2 protein chains.
Amino acid sequence: MSAEQIQTALKILKGAGVRMTPQRHAILSYLMNTKSHPTVDEIYKSLGGKFPSMSVATIYNNLKMFKDLDLVKELTYGDSSSRFDANMEEHYHVVCLKCGTIEDFYYSGLHQVEEEASTSTGFKVISHRMEVYGVCSDCQVQH
Amino acid sequence: MSAEQIQTALKILKGAGVRMTPQRHAILSYLMNTKSHPTVDEIYKSLGGKFPSMSVATIYNNLKMFKDLDLVKELTYGDSSSRFDANMEEHYHVVCLKCGTIEDFYYSGLHQVEEEASTSTGFKVISHRMEVYGVCSDCQVQH
DNA sequence: CTACTTGCAAACTTTTTGCTTGCGA
DNA sequence: TCGCAAGCAAAAAGTTTGCAAGTAG
């Protein structure tokens, strides 16, 4: 993710009256510089070198705030813990059922589904979510 | 859900060598007769009148088996606990962001998304999942 | 300076596990 | 009768909370 996007995020935080701390900055830039959709535990372990004293609560607190400010999205799959994604463009995920890898892909044309849902249920539709499940190319090779 | 479908489910269980018990039957028919996509806790409370001594572990055990035999699906939304759905037809859900109600809706035409995902990521696609979020008609009325 | 943040530990929630007793076929 | 299933409680695992101490602005 570009440095420019991180600057934008920092402005949003400042605008919301949020104080910047080294931990907060590290969590944010870690999320914005990875494509791996990490769990809280993965963030915790990854930043443990830089901040040995950082607690998981700090990560949870910050992620919740980032979510409220629409800087990150929380992904909940069947597995036990949530994953987080700082890519806020409209995109979707393909999840490997063998190794758990998550890859992004882009697709447009799902707004029709929202319309259909609205018509058939009477809901005022706000958003949608979709994922594709399968086996990634690496796992297909290993028989 | 029709009694016929319950009979089919019972045959599948019998065929898999699964022994029938009153609790198991109650959990299964409860799921097959509701459209509410209940959580474990809701099932537990609903059947508590009939089986005061039933433990949550029994519900978890049975649901896991039902899932393995493809009799129910587990739904994981952002909220804390899983929900379960015995409607195995291909269908989707609209979730109300205010009251949490989940309604079914039907739509065909998402197989193209699977193809697109496969082409762009190299995954061997197996399934997909999608949900629409919004506000249900009841919650729209209450200002 | 002072209110927001962090770190820590305890609490809570959901789900899983181990083991004994019970009961369906 | 025999082995799968239920009940129970303890343990995991993930997340939230309360409070004292630290620090950004």
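These figures come from a predicted structure and were not determined experimentally. Order of the sequence lines sets the chain letters (A, B, ...), proteins ahead of strands, with each chain counted from 1.
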Is any side-chain N or O of [X] closer than 4.0 Å to OP1 or OP2 of [N]?
X	N	result
B/Tyr60	C/dT15	yes
A/Thr58	C/dG7	yes
B/Gln23	C/dC23	no

>> With nearest nucleotide decided by heavy atoms, which residue, A/Arg24 or B/Ser81, maps closer to the 5′ end of DNA chain C?
In response: A/Arg24

Interatomic distance, [X] [atom1] vs [N] [atom2] [rounded to whole Å]:
X	N	atom1	atom2	answer
B/Leu69	D/dC4	CG	C1'	15 Å
B/Ile59	D/dA5	CD1	P	16 Å
A/Met20	D/dG25	CE	C1'	12 Å
B/Lys50	D/dA6	NZ	C1'	17 Å

Under 4.0 Å, heavy atoms only, any strand: does [X] hit a base, just the sugar-phosphate, or nothing?
X	value
B/Val18	sugar-phosphate
B/Asn62	sugar-phosphate
B/Ser82	sugar-phosphate

> Atom NZ in A/Lys67, atom CD in A/Glu74: separation rounded to 0.5 Å?
Replying inline: 3.5 Å

> Between the side chains of B/His37 and B/Asp104, does any donor sit under 3.5 Å from an acceptor?
Replying inline: yes

